[in-house]
Asks: 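Please see the structure below; I have some questions.
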Amino acid sequence: MLKKLWLLFFTFAKIAALVVGGGLAMLPVIEDTFVRKKKLLSQEELLDVVALTQTIPGIIAANAAVAVGMKVAGFLGAIAALTGAILPSFLVILIIAWQFPSLTPGNPYWLGAFAGIRAGVTGLIAVTAWKLVRKTVHNWFEAVAAIAFLAAALAGISPGIIIIAAIIIGSIYFHRTWQRVNTAEVKK
């Protein structure tokens, strides 16, 4: 158990320290560590974590840390992962706040570093999105819904409204499909 707690703390500390770009940018590292290498989560469980962390309020990285920690090692796992996710950010903000008066905003090295980071994070998020599409879209409904919600997001509709609409539409679709399957089984 202690080994799992250390793995959770260290992995989320590494993510928080090195992965810039928010919760979605951390997904490839979580997948690589907990799904592929350590096999502590299935791909489906990771997709559930992604869906959960996107729909509940709060910081995506912290929500993901708690969800993964709970799945891997229960309550103590959630605490270890959350501590790992918070500690590096807290220390970095503390150092930046301490050094802020001496930072020059027009420094070409800082500007170049952040331009490179933004490009790298964009690539990581694009790969994660593509993997999610391949693992999530299995039928015409999921394909049409994904395209419609993508269009809604690109049109500037609030993510909250999109999530509520997705819950309602998905529930209606599932309920109707479930009714058809049960009706067909009863007729047999």
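The first residue of the sequence shown is numbered 1, and numbering continues consecutively from there. The model shown is predicted, which means the values in this text are computed figures rather than measured ones.
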Asks: Should the heavy atoms of other residues, nucleotides or ligands under 6.0 Å from CG of L2 be counted, would the total exceed 12?
Replies: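 Open.
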
Asks: Following the transitive rule for hydrophobic clusters with a side-chain heavy-atom cut-off under 4.5 Å over Ile, Leu, Val, Met, Phe, Trp and Tyr, establish whether L82 and I15 coincide in one cluster.
Replies: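 In one cluster: no.
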
Asks: Kindly work out whether a path of hydrophobic side-chain contacts (I/L/V/M/F/W/Y, heavy atoms less than 4.5 Å apart) joins V49 to L124.
Replies: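 As far as the 4.5 Å side-chain criterion goes, L124 and V49 are not connected within one cluster.
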
Asks: Would you check if V68 and F34 make a side-chain contact, meaning some heavy-atom pair closer than 4.5 Å?
Replies: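 Side chain of V68 against side chain of F34, heavy atoms only: contact under 4.5 Å found.
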
Asks: Minimum heavy-atom separation for I30 to A64, with atom names?
Replies: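 Scanning both residues, the minimum pair turns out to be CD1-CB, 4.4 Å.
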
Asks: What's the shortest heavy-atom distance between L5 and A73, and which atoms?
Replies: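 So the two residues come closest at CD2-CB, 4.1 Å.
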
Asks: Could you note down all residue pairs passing salt bridge (charged side-chain N to carboxylate O under 4.0 Å, His left out) where residues 42-71 supplies at least one of them, sequence neighbours left out?
Replies: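 Listed by first then second residue: nothing to list.
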
Asks: Applying the side-chain hydrogen bond (donor to acceptor under 3.5 Å, both in side chains) criterion to Q43, which one of R36, E31, K135 satisfies it?
Replies: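 With Q43 as partner, R36, E31, K135 yield a single side-chain hydrogen bond (donor to acceptor under 3.5 Å, both in side chains), made by E31.
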
Asks: Is it the case that more than 12 heavy atoms not belonging to I59 sit under 6.0 Å from its CD1 atom?
Replies: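 No.
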
Asks: Using 0.5 Å steps for rounding, measure from the CZ atom of R134 to the NZ atom of K131.
Replies: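 One gets 8.0 Å once the value is rounded to the nearest 0.5 Å.
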
Asks: How close do T136 and E142 get, counting heavy atoms only, and between which atoms?
Replies: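 In terms of heavy atoms, the two residues are closest at O-OE1, 2.8 Å.
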
Asks: Would you kindly confirm whether V72 and I79 end up in one hydrophobic cluster when ILVMFWY residues are joined by side chain heavy atoms under 4.5 Å apart?
Replies: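 V72 does not cluster with I79.
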
Asks: Taking all atoms of both residues into account, what is the closest heavy-atom pair of S89 and A85, and its distance?
Replies: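 Reported closest heavy-atom pair: OG-O, 3.9 Å.
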
Asks: With hydrophobic residues grouped by side-chain heavy-atom distances under 4.5 Å, do F149 and L132 end up in a single group?
Replies: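 No; L132 is not reachable from F149 via cluster members.
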
Asks: Check for me, please, whether I163 and I169 land in the same ILVMFWY cluster - side-chain distances under 4.5 Å, paths through other members count.
Replies: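 No, because I163 and I169 fall into different hydrophobic clusters, even though each may have its own neighbours under 4.5 Å.
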
Asks: List the atom of K38, the atom of L7, and the distance in Å for their closest heavy-atom pair.
Replies: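 Smallest interatomic distance, heavy atoms only, reads CG-CD2, 3.8 Å.
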
Asks: Enumerate the side chain to side chain donor-acceptor pair (under 3.5 Å) contacts for residues 149-175, please, sequence neighbours excluded, ordered by first and then second residue.
Replies: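 Only H175-Q179 qualify under side chain to side chain donor-acceptor pair (under 3.5 Å).
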
Asks: Taking all heavy atoms of S42 and all of V35, pick out the closest pair and write down the distance.
Replies: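 That closest heavy-atom pairing would be O-CG2, 4.0 Å.
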
Asks: Would you indicate whether the side-chain heavy atoms of F9 and L87 approach each other to under 4.5 Å?
Replies: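 Sidechains of F9 and L87: in contact.
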
Asks: Does any non-hydrogen side-chain atom of L52 lie less than 4.5 Å from one of N63?
Replies: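 N63 does not reach L52 side chain to side chain.
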
Asks: From T11 OG1 over to M26 CE, what is the distance, rounded to the nearest 0.5 angstrom?
Replies: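 Answer rounded to 0.5 Å: 10.0 Å.
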
Asks: Between atom CG of D32 and atom CG of L27, what is the distance when rounded to the nearest 0.5 Å?
Replies: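 The distance works out to 12.5 Å.
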
